[in-house]
Amino acid sequence: MNTGSDRGTNESATGDTATETTAQTTAQTAAQTAEETPHVSKAPAFIKASKSLHLSWQVGVFIVGLAVIAAGVAMLVLPGPGWVAIFAGLAIWATEFAWAHLVLRWTKRKVTEAAQKALDPKVRRRNIILTTAGLVIAGALIGFYLWKYGLVMPWDLKDQ
């Protein structure tokens, strides 16, 4: 919060300096209120009017979000977009729960940072080199297997 005590001793309170200080203060206040605003439920007004209906709504949102997240966890090992489903379930929870909103905001920030880091030329070069090395090693292992055993499936091998 700007109390005016951070103004330099040689600056006057009038003119451009006062306008810039006011603009900075307004921007800081807007940023603080955006971060400090309490989480508001996205439930319709008629549901918010009754405490029991609102609690039922929150339980329903929790169950739906949990089902989507569980499907996402299953899709991590099965075919499907697992991480997308997990983030979708988190977004469903964020419509009703402040903690989920905070976790979702933190996750978005971390994903953005990771995407920016992945675009760094040094990181891209390192990833390309590691991928190439991994493919060369996998190719050598497959070539050795084919040279040693031919085109025979591992479960059909006899003692050799």
Side-chain angles (χ1 to χ4, degrees), residues 1-8 13 16-142 145 153-155:
M1 184 170 165
N2 186 4
T3 58
S5 61
D6 59 346
R7 196 176 327 142
D16 293 335
T17 305
T19 306
E20 291 174 8
T21 305
T22 305
Q24 289 173 353
T25 304
T26 305
Q28 289 173 352
T29 305
Q32 287 174 353
T33 55
E35 290 181 8
E36 294 175 2
T37 53
H39 182 74
V40 179
S41 173
K42 303 285 193 281
F46 74 93
I47 289 179
K48 287 189 224 177
S50 170
K51 190 167 180 77
S52 61
L53 267 180
H54 192 245
L55 181 63
S56 300
W57 177 271
Q58 285 183 331
V59 168
V61 166
F62 182 80
I63 290 172
V64 169
L66 186 64
V68 172
I69 287 176
V73 169
M75 284 189 277
L76 288 176
V77 294
L78 300 172
W83 287 111
V84 174
I86 290 171
F87 294 141
L90 197 55
I92 290 170
W93 278 347
T95 62
E96 286 299 313
F97 305 109
W99 60 267
H101 185 74
L102 293 174
V103 170
L104 188 63
R105 190 176 355 166
W106 178 83
T107 305
K108 285 180 182 179
R109 188 174 66 245
K110 290 298 179 183
V111 166
T112 304
E113 289 173 7
Q116 290 299 320
K117 190 180 284 187
L119 294 176
D120 182 25
K122 291 179 183 177
V123 174
R124 289 186 67 205
R125 190 176 311 116
R126 184 200 65 200
N127 289 345
I128 289 171
I129 290 170
L130 289 174
T131 302
T132 304
L135 289 174
V136 166
I137 291 170
L141 290 173
I142 290 170
Y145 178 83
M153 294 298 156
W155 50 84

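Computed over heavy atoms, backbone and side chain alike; hydrogens, waters and symmetry mates excluded.
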Q) Where is the tightest heavy-atom contact between A85 and G72, given as atom of each residue plus distance? A) CB-CA, 3.5 Å

Q. So do W93 and V103 actually touch side chain to side chain, heavy atoms under 4.5 Å?
A. no

Q) Taking the side chain as C-beta and beyond, is there a heavy-atom pair between Y145 and I142 under 4.5 Å? A) no

Q: Please report the closest heavy-atom contact between R124 and A118, naming both atoms and the distance.
A: CG-O, 2.9 Å

Q: Name the orientation class of the two ring planes belonging to F62 and F97 (parallel below 30°, tilted from 30 to 60°, perpendicular beyond 60°).
A: perpendicular

**Q.** Shortest non-hydrogen separation from A91 to L104 and the atoms involved
**A.** CA-CD2, 3.8 Å

Q) Can you tell me how far CG of L66 sits from CD1 of I69, rounded to the nearest 0.5 angstrom? A) 6.5 Å

Q. Looking at CD of Q116 and CG of L119, how far apart are the two atoms once the value is rounded to the nearest 0.5 Å?
A. 5.5 Å

Q: Determine the minimum heavy-atom distance between A100 and L90, stating which atoms define it.
A: CB-O, 4.2 Å

Q | Nearest non-hydrogen partners of V64 and I92, listed with the distance | A | CG1-CD1, 4.2 Å

Q. Below 4.5 Å, heavy atoms only, C-beta onward: do R126 and V123 meet side chain to side chain?
A. yes

Q. Rounded to the nearest 0.5 Å, how far does OG1 of T107 lie from CG of L102?
A. 10.5 Å

**Q.** Gap between atom NZ of K110 and atom NZ of K117 - 0.5 Å precision
**A.** 8.5 Å

Q) Are there more than 12 heavy atoms of other residues, nucleotides or ligands under 6.0 Å from atom CH2 of W106? A) no

